[in-house]
Colleague: 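The structure that follows is given in the form of structure tokens.
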Amino acid sequence: MGCDFKKIEEKWQKKWDEIQPFKAFNFSKKPKFYALIEFPYPSGQGLHVGHPRSYIAMDIIARKRRMQGYNVLFPIGWDAFGLPAENFAIKNKIHPKLVTKKNISKFKEQIKSLGISFDWNREVNTTDPGYYKWTQWIFSRLFEKGLAIKEETAVNWCTSCKCVLANEEVIEGKCERCGSGIFQKRKFQWILKITKYAQRLIDDLKTVDYPERVKQQQINWIGRSEGALIRFKTTSSDQILEVFTTRPETIFGVSYMVVAPEHKIIESNTKLIENMEEINKYKTEASKKSEFQRSQMLKEKTGVEIKGIRAINPANGKEIPIFMADYVLIGYGTGAIMAVPAHDERDWEFAIKYSLPKPVVILGGKDGEAFIGDGTLVNSDFLNGLDTSKAKTKIIKFLEQNKNGESKVSFKLRDWIFSRQRYWGEPIPIINCKRCGLVLDKNLPLILPETEEYETSEDGESPLANLPWIHVNCPKCLGKALRETDTMPQWAGSSWYFLRYSDNENDSELASKKAIDYWFPVDWYNGGMEHTTLHLLYSRFWHKFLYDIGVVSMPEPYAKRTSHGMILGENGEKMSKSRGNVVNPDEIIQEFGADAFRLYEMFIGDFEKAAPWSASGIRGCKRFLEKFWDMAFNISDGEIRPDFQTLINKTIKKVGEDIEKLKFNTAIASLMDLLGQIKKTGKITRDELEVFLVLISPFAPHVSEEIWKRSNFEGLASESVWPSYNEKLIKLEQNTIVLQINGKIRSKMVADSQISGKELIDLAKKDEKISSIIKNQNIIREICVPSKLVNFVIE
RNA sequence: GCGGACAUGGCGAAAUUGGUAUACGCGUACGAUUCAGAUUCGUAUGGAACUUUUCCGUGCAGGUUCAAGUCCUGUUGUCCGCACCA
């Protein structure tokens with residue numbers, strides 16, 4: 001009997017839309033389960049075969065939870081602000097709003113064709129004013145609490161996107177999106193003080209269930225280091241040079257200071273500095289280098305001495321020179337360091353190049369290189385003879401007493417640069433008033449104005465700057481004022497979208513406290529590793545802020561996070577248009593059906609690892625479904641046959657446990673195995689079919705639903721009850737026992753699982769093969785693993 | 001350079017506390033069905049040899065153990081993250 005999968009799939013997708021078996025209920029007597037996938041950016045290329053890997057996996061989990069009696073929230077939405085839609089709009093002269101709308105409907109159609117059990121009533125869209133009203137609302141609260149500030153800082157500038165980028169968006173010195181080089185530029189920007197939450201973002205990782213590599217990556221990104229802040233007086237009357245160091249105990253080994261090219265000591269001492277020309281030249285050259293170029297040059301250090309001012313070592317009062325060099329970064333610590341060449345590799349190289357002294361203050365190093373280990377202090381006055389850690393404590397105490405420094409924790413994490421010179425984003429609800437300063441526009445949502453000109457200008461001004469929209473009256477003094485023209489980055493809307501799902505139609509709050517308390521935390525969140533130091537970190541930060549102001553009741557949004565691997569092209573390379581190895585899910589579904597597609601994506605390999613697509617691999621999944629279809633109409637009334645009790649109970653256990661561990665590939669393998677065993681008998685009983693249908697339905701829901709219906713089971717397969725297994729039935733009455741001599745397999749036998757170890761050994765000795773070997777041999781040891789093996793050790 | 005992960009047939013991959021290595025699928029070969037092809041079904045499929053049997057096999061070299069894909073030490077390779085972070 002053939003099977004028209006396409007027709008069946010359409011039929012059940014329509015039916016599910018009507019009956020809505022996947023609707024989540026706010027407040028229910030059932031236990032709640034919140035399953036979340038990263039909502040997609042609806043790009044013009046449509047759905048990629050990589051997207052569904054996450055959706056199908058969470059769909060399987062969501063479907064299983066519903067069958068286990070949970071009130072499941074499994075929502076989807078659209079992360080629709082962002083550059084690609086805008087670039088497409090510019091190129092094709094279509095408003096990004098229209099492009100986005102079109103893309104969303106395409107995505108929606110594609111996702112629906114996969115039969116994912118999303119609750120479509122909960123759909124959200126970050127570009128909807130009813131949604132971004134609340135994104136702006138959160139920004140406003142951040143502003144009120146002083147966590148959103150406008151400041152001139154060094155920013156990453158992408159010349160191609162004509163836009164600033166957050167630190168997290170710079171990958172190997174290049175733009176995350178377009179791959180162009182990034183230059184450092186000073187600019188007034190909106191900044192979110194994520195660094196205020198750095199410690200908590202590390203600490204609370206202990207309270208959540210994330211993969212170890214995700215935690216580690218976040219910890220490394222935040223980059224906590226303990227040390228001291230030390231203030232060096234200078235020969236310029238009121239100029240103090242502040243440095244951060246993790247090795248304050250080496251202070252007697254300081255032979256010079258270094259400041260970053262962007263350091264403000266230059267501007268405030270132009271009169272004292274004797275070689276301004278030389279310095280300005282160095283500064284200009286440094287600013288011309290992109291961050292990528294700067295890191296490519298690695299350890300080749302350059303610098304220039306700042307003549308005219310010297311620093312004074314607070315430990316011994318000695319005067320030392322100050323250099324400017326681009327191996328010191330303005331963005332980390334204080335943008336200045338105390339250089340200890342004998343005990344720091346970078347300072348060592350610099351000191352060699354510029355013939356500076358390298359006084360040794362810790363014993364233990366070799367000649368000709370910097371010693372960075374621990375040891376005993378020498379040449380260090382009152383620290384002499386102490387070991388590194390004691391010296392550290394003592395010097396910090398000394399500095400504190402003299403008010404020249406204190407212990408300090410520093411983070412690599414930089415504040416989040418939050419403004420973008422772009423059209424297609426949430427307007428920042430701030431009004432610039434000459435009299436009142438920055439004033440919140442409380443009239444939300446602040447609607448993104450209509451325009452035909454959404455191209456960024458050459459000078460890097462936002463397209464909004466040219467619109468009459470910017471003229472507004474100050475809400476405080478009612479005088480003439482101007483609107484902020486930068487927009488928020490794409491990461492804004494996605495930093496809280498999971499909250500909106502809990503109560504997506506609320507227009508008086510971002511979501512009611514009651515709904516949030518009911519659904520949160522998210523029980524299981526699956527997403528890509530590429531978001532570990534972007535969305536995942538940003539959203540944890542926002543959630544903590546919302547916790548602090550009482551909007552949410554727990555400090556972490558996600559109880560459990562997992563990550564899927566990428567789906568690669570058939571050649572094992574990353575799928576991309578330019579490589580010509582992109583697989584279009586529409587074509588696959590057209591040819592093999594959604595169920596085969598779903599099965600194959602889960603069967604392809606370890607869920608957490610990258611896996612290459614295989615056109616022939618999906619064929620096997622399709623065959624399996626066809627076999628199943630044929631079998632299901634070769635049904636005979638009756639219970640589970642005794643011969644199948646063990647295997648079926650085992651399979652229930654295996655499939656259930658494997659789903660929880662994301663081992664979808666082995667869950668499917670065990671279903672294939674079971675079907676193969678049943679098929680050998682030429683028929684399937686009704687009870688066997690029922691169990692099999694329930695187990696396979698999360699993986700292949702359409703065909704399961706159809707067979708369920710045709711076999712006259714009650715209701716929907718999607719609403720059936722997940723079976724339990726009987727542990728007693730899993731244990732075999734008889735086992736194959738492996739018989740070994742000196743650890744090598746020599747024979748096998750079948751034995752009752754009840755019999756004792758001693759009896760087993762006796763039986764083994766009687767085995768024909770074994771007895772012929774051990775005859776005339778000295779048995780030194782007899783080892784028995786019940787119901788598994790017997791091993792005789794002979795000389 | 002630092003941190004993390006991984007290494008198993010022709011391919012994607014399985015393998016509980018150390019206890020039958022290669023489950024399941026793909027591919028391939030042969031056979032059946034067919035006018036033929038596609039599909040489907042059946043059988044076989046790590047390597048080697050003197051083939052009812054034996055030996056060798058989980059990147060490489062050692063070690064622990066009655067027993068190692070699994071544990072330990074060293075080593076090579078691949079991938080990922082960070083990268084002058086003071």
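Every heavy atom of this structure was used, including side-chain atoms; hydrogens, water molecules and symmetry mates were not. The chains referred to below are lettered A, B, ... by the order of the sequence lines, with proteins before strands, and numbering in each begins at 1.
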Colleague: Check nucleotides 48-58 of chain B for protein N or O atoms closer than 3.5 Å to its own N or O atoms and list the pairs.
Modeller:
residue	atom	partner	partner atom	Å
B:U54	OP1	A:K769	NZ	2.9
B:C55	OP1	A:R746	NH2	3.3

Colleague: Does the protein touch nucleotides 10-19 of chain B at the base, only the backbone, or not at all? Give it as B, S and - per nucleotide, heavy atoms under 4.0 Å.
Modeller: --BSS--B-B

Colleague: For nucleotides 37-41 of chain B, list the nitrogen or oxygen atoms of the protein found under 3.5 Å from its nitrogen or oxygen atoms, one pair per line.
Modeller:
residue	atom	partner	partner atom	Å
B:U40	OP1	A:R623	NE	2.9

Colleague: Could you spell out the base pairing of RNA chain B in dot-bracket, with Watson-Crick or G-U pairs whose two distances are under 3.5 Å, [ ] crossing and | to another strand?
Modeller: (((((((..(((......[....)))((((((.......))))))((((...))))..(((((..]....))))))))))))....

Colleague: Kindly state each residue pair satisfying salt bridge (charged side-chain N to carboxylate O under 4.0 Å, His left out) with at least one member in residues 249-260 of chain A, sequence neighbours excluded.
Modeller: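 Counting only pairs at least two positions apart or across chains, the salt bridge (charged side-chain N to carboxylate O under 4.0 Å, His left out) contacts touching residues 249-260 of chain A are A:R247-A:E249.
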
Colleague: Polar atom pairs between nucleotides 29-32 of chain B and protein, under 3.5 Å, N or O only, would you list them?
Modeller:
none

Colleague: Quick one: list whatever passes side chain to side chain contact (heavy atoms under 4.5 Å, CB included) with A:V155, sequence neighbours left out.
Modeller: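 For A:V155, the residues satisfying side chain to side chain contact (heavy atoms under 4.5 Å, CB included) (neighbours in sequence not counted) are A:T153, A:V164, A:K185, A:K187, A:Q189, A:I417.
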
Colleague: Please identify each residue that fulfils salt bridge (charged side-chain N to carboxylate O under 4.0 Å, His left out) with A:E242, with sequence neighbours left out.
Modeller: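 Listed in chain order: A:R231.
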
Colleague: Going by the rule side chain to side chain contact (heavy atoms under 4.5 Å, CB included), which residues pair with A:L763 if we only count those two or more places apart in sequence or in a different chain?
Modeller: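 Only A:M749, A:I755 meet the side chain to side chain contact (heavy atoms under 4.5 Å, CB included) criterion with A:L763.
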
Colleague: I'd like to check the side chain to side chain contact (heavy atoms under 4.5 Å, CB included) partners of A:K264; sequence neighbours left out, ordered by chain and number.
Modeller: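 Once residues adjacent in sequence are excluded, the partners of A:K264 under the side chain to side chain contact (heavy atoms under 4.5 Å, CB included) criterion are A:E267.
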
Colleague: Holding to side chain to side chain contact (heavy atoms under 4.5 Å, CB included), I want the full list of residues that pass it with A:E212, two or more places apart in sequence or in another chain.
Modeller: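 With neighbours one apart ignored, the set is A:K215, A:Q216.
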
Colleague: Protein-nucleotides 76-80 of chain B N/O pairs closer than 3.5 Å?
Modeller:
none

